[in-house]
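What follows is a set of notes on a single structure, which appears directly below.
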Amino acid sequence: LGRSKMEEKKSVNTKLEPKQFETPLSLVTLKVPSAVCKPVIAAVREFLLRKPKVQPVRTDPDDEKVRLVILGEHVKPDALPAAVQAIIKEHSLTSTTTDITVDYSHLTIEEALKILLPEGVTIPSSYEQVGHIAHLNLKDEHTPYKFMIGQVFMDKIPSVKTVINKLGVIDTKFREFKMELLAGVEDYEAEVKQHGCTFQLDYSQVYWNSRLQTEHIRLCSGFFGTEDVVYDVFGGIGPFAVPAAKQNVLVKCNDLNTHSYRYMCTNVTRNKVKHFVDCFNMDGREFIKFCVNKWVNSASPEYTAPTKSAAALRQEKQQQEDQQNKKKQQSKKQAKDKPKVDNTECVKVSEPGRKRRHHFVMNLPASATEFLDAFVDCMPGVELAPDFEVPIVHCYTFAPSSAPLKEALKQVEEVIKMEVPASDVICNHLVRNISPQKEMVCVSFRWPGGASGAPPAKKQKVTAAQ
């Protein structure tokens, strides 16, 4: 369970010596009459001093009708850029120098670390922000300086209160990773907002990747229709399930990690999509088999038809909201009825005439393909309800950068022991680059052999465009 709010939290603060950051600068400054200040600034904008908390344009203390336009340290008085020379000549400007002392508060992350780290040590610049947490992936060369690096990131990013460093790789079945606190308070309970959804999580107990938000929306907006059913096999805290449910799509969301399951339930409730999402805490293989027997295979003794369409759920949800509004209006003794909210414009509608679809989302790229054998076990003999098409699988995997799409499809075929005809490969999509040698890929395909799960009668050579 999450940490008690009353529990005293560990904190790390590294004191940085202010004087090591102080640098005196003598900067070229143009004295500009206020009447022509606007065109002058436009002409020299690229040369202006750019330091946090330092105003490059200020009033001359000796003449309130004159503005001092301070140029950056890269502009030298004996080698003025042509644009600066031209504007000086055009408006008959005079120049002077302004002496300032740059301190820690004026520096960017990169500038501060350049002073702190020895020459030859790479300056870390990339990080992932999860709510108030900044997540760094430092290299071995940064180890002696890691706490100073963490302190700089926390000081320079106002919304960050906790800085952590990832230790090792994500190698547990619950997708957790070891971390160390570099700066700030040891508070891993975070809140993240993406595309109108709010997610609560404990970053030390569950998996979360902010870089995948575009991928979440790609599937939700491009594949899921309001009459479809989505089975999220490795659902985490709900980054696919919640936005899909926001579009009034039925979702069965699962994760083996009990902490992920708890936050999944919390996020479903917080985002008011309980009408559309059922949450499960099961092994991935068992969940796949359970869903196929429960909602896909109409010949199964356990089969229950997803009789409530999204339209029916919308109507039920609206009725409940109307009842709640009515009670609120009565309790407040309002004279007029409260207007109802019309949310039909934000509802994604299925293509006219097409059947409903089962979508199995398998976002566990390190091992998702291994779980495809569950379909091999339960798909043979499946009978689909008349209003449903053959199930679609969206399987994520890692593949070498040399031929990622071809290799990803090959991984799928090796596990299911069937060739996927080109006509059944709906989309073979490069999600993102992981490293120079590795890509993350999503293979979206109809289960080959139709509802029976049998191999295609005639195999076709499959090619994947790279």
Side-chain angles (χ1 to χ4, degrees), residues 219-220 223-235 238 240-241 244-245 247-256 261 264-265 268 273-317 350-351 353-364 368 371-395 412 415-418 420 424 426 444-456:
L219 278 197
C220 293
F223 289 88
F224 305 157
T226 54
E227 300 300 320
D228 295 349
V229 185
V230 173
Y231 309 93
D232 197 352
V233 183
F234 312 108
F240 277 111
Q247 296 181 173
N248 296 352
V249 177
L250 300 177
V251 183
K252 315 296 181 183
C253 189
N254 173 70
D255 203 276
L256 181 62
Y261 170 74
M264 178 199 306
C265 297
V268 165
V273 291
K274 289 179 68 175
H275 286 77
F276 301 96
V277 184
D278 294 319
C279 300
F280 299 87
N281 180 211
M282 301 173 64
D283 170 76
R285 284 186 178 84
E286 297 307 312
F287 178 70
I288 291 170
K289 295 175 183 179
F290 170 77
C291 291
V292 170
N293 288 326
K294 183 72 174 177
W295 293 293
V296 178
N297 185 7
S298 62
S300 169
E302 294 85 22
Y303 179 73
T304 301
T307 51
K308 278 191 177 181
S309 67
L313 283 170
R314 287 197 299 273
Q315 184 178 4
E316 180 182 320
K317 179 182 177 182
S350 302
E351 301 95 300
R354 83 155 169 87
K355 291 184 178 182
R356 301 173 71 184
R357 292 170 179 164
H358 299 287
H359 296 269
F360 285 85
V361 179
M362 304 177 68
N363 183 22
L364 187 66
F371 287 79
L372 291 171
D373 60 4
F375 292 102
V376 178
D377 294 340
C378 64
M379 281 301 292
V382 162
E383 294 182 14
L384 296 174
D387 56 337
F388 274 97
E389 293 181 2
V390 174
I392 296 173
V393 180
H394 306 274
C395 185
V412 169
V415 176
I416 66 176
K417 296 179 172 59
M418 287 187 285
V420 181
D424 285 338
I426 298 172
S444 297
F445 65 99
R446 293 183 189 87
W447 186 256
S452 68

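Hydrogens, waters and symmetry mates are skipped; everything else that's a heavy atom, side chains included, is used.
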(request) Before giving the answer on side chain to side chain contact (heavy atoms under 4.5 Å, CB included), spell out for F388 and K355 the whole-Å C-alpha distance, their side-chain angles and the decisive distance to 0.1 Å. (result) CA-CA 5 Å; F388 274 97; K355 291 184 178 182; 5.9 Å; no
(message) For a side chain to side chain contact (heavy atoms under 4.5 Å, CB included) check, start with the C-alpha distance between V296 and W447, then their side-chain angles and the critical distance, and finish with the verdict.
(response) CA-CA 12 Å; V296 178; W447 186 256; over 6 Å; no
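Nearest approach of M362 to V233, heavy atoms of both residues: CG-CG2, 4.0 Å. When all heavy atoms of C395 and L372 are compared, the pair lying nearest together is SG-CD1, 4.2 Å. When all heavy atoms of C220 and A244 are compared, the pair lying nearest together is SG-N, 3.6 Å. Listed here is the closest heavy atom pair of V249 and G225: CG2-O, 3.5 Å. Nearest heavy-atom pair across V277 and A245 is CG2-CB, 3.5 Å. Shortest non-hydrogen contact noted between D255 and G235 is OD2-N, 3.7 Å.
For the side-chain hydrogen bond (donor to acceptor under 3.5 Å, both in side chains) test, residues two or more places apart in sequence or in another chain that qualify with K294 are T304. Qualifying side chain to side chain contact (heavy atoms under 4.5 Å, CB included) partners for S298, counting only residues two or more places apart in sequence or in other chains: Y303, E383. With sequence neighbours excluded, no residue forms a ring-ring contact (aromatic ring centres under 6.0 Å, His included) with F445. Remark: Y261 pairs with no residue by the ring-ring contact (aromatic ring centres under 6.0 Å, His included) rule, at least two apart or across chains. For F287, the ring-ring contact (aromatic ring centres under 6.0 Å, His included) partners two or more places apart in sequence, or in a different chain, are F280.
The shortest side-chain heavy-atom distance between M379 and I416 does not fall under the 4.5 Å cut-off. Annotation: side chain of L384 is in contact with side chain of P391 (closest heavy-atom distance under 4.5 Å).
With rounding to the nearest 0.5 Å, the separation of OH in Y231 from CH2 in W295 is 7.0 Å. Rounding to the nearest 0.5 Å places CD of E302 at 12.5 Å from SG of C291. A distance of 6.0 Å separates OG in S444 from CG in L219, rounded to the nearest 0.5 Å. The OG atom of S300 lies 10.0 Å from the CZ atom of F290; values are rounded to the nearest 0.5 Å. One distance of note links NE2 of H359 with CG of D232; it measures 12.5 Å at 0.5 Å rounding. Once rounded to the nearest 0.5 Å, the distance linking CZ of F224 with CZ of F240 reads 6.5 Å.
Of the options V361, I426, D228, a side-chain contact (heavy atoms from CB on, under 4.5 Å) to F223 is made by I426 and by none of the others. When each of R357, R446, H358 is checked for a side chain to side chain donor-acceptor pair (under 3.5 Å) with E389, only R357 meets the rule.
In this structure, N254 contributes its side chain and M282 its backbone to a donor-acceptor pair below 3.5 Å.
Evaluation of the salt bridge (Lys or Arg N to Asp or Glu O under 4.0 Å) test over residues 276-289, restricted to residues two or more places apart or in two chains, returns K252-D278, R285-D373, K289-D377.
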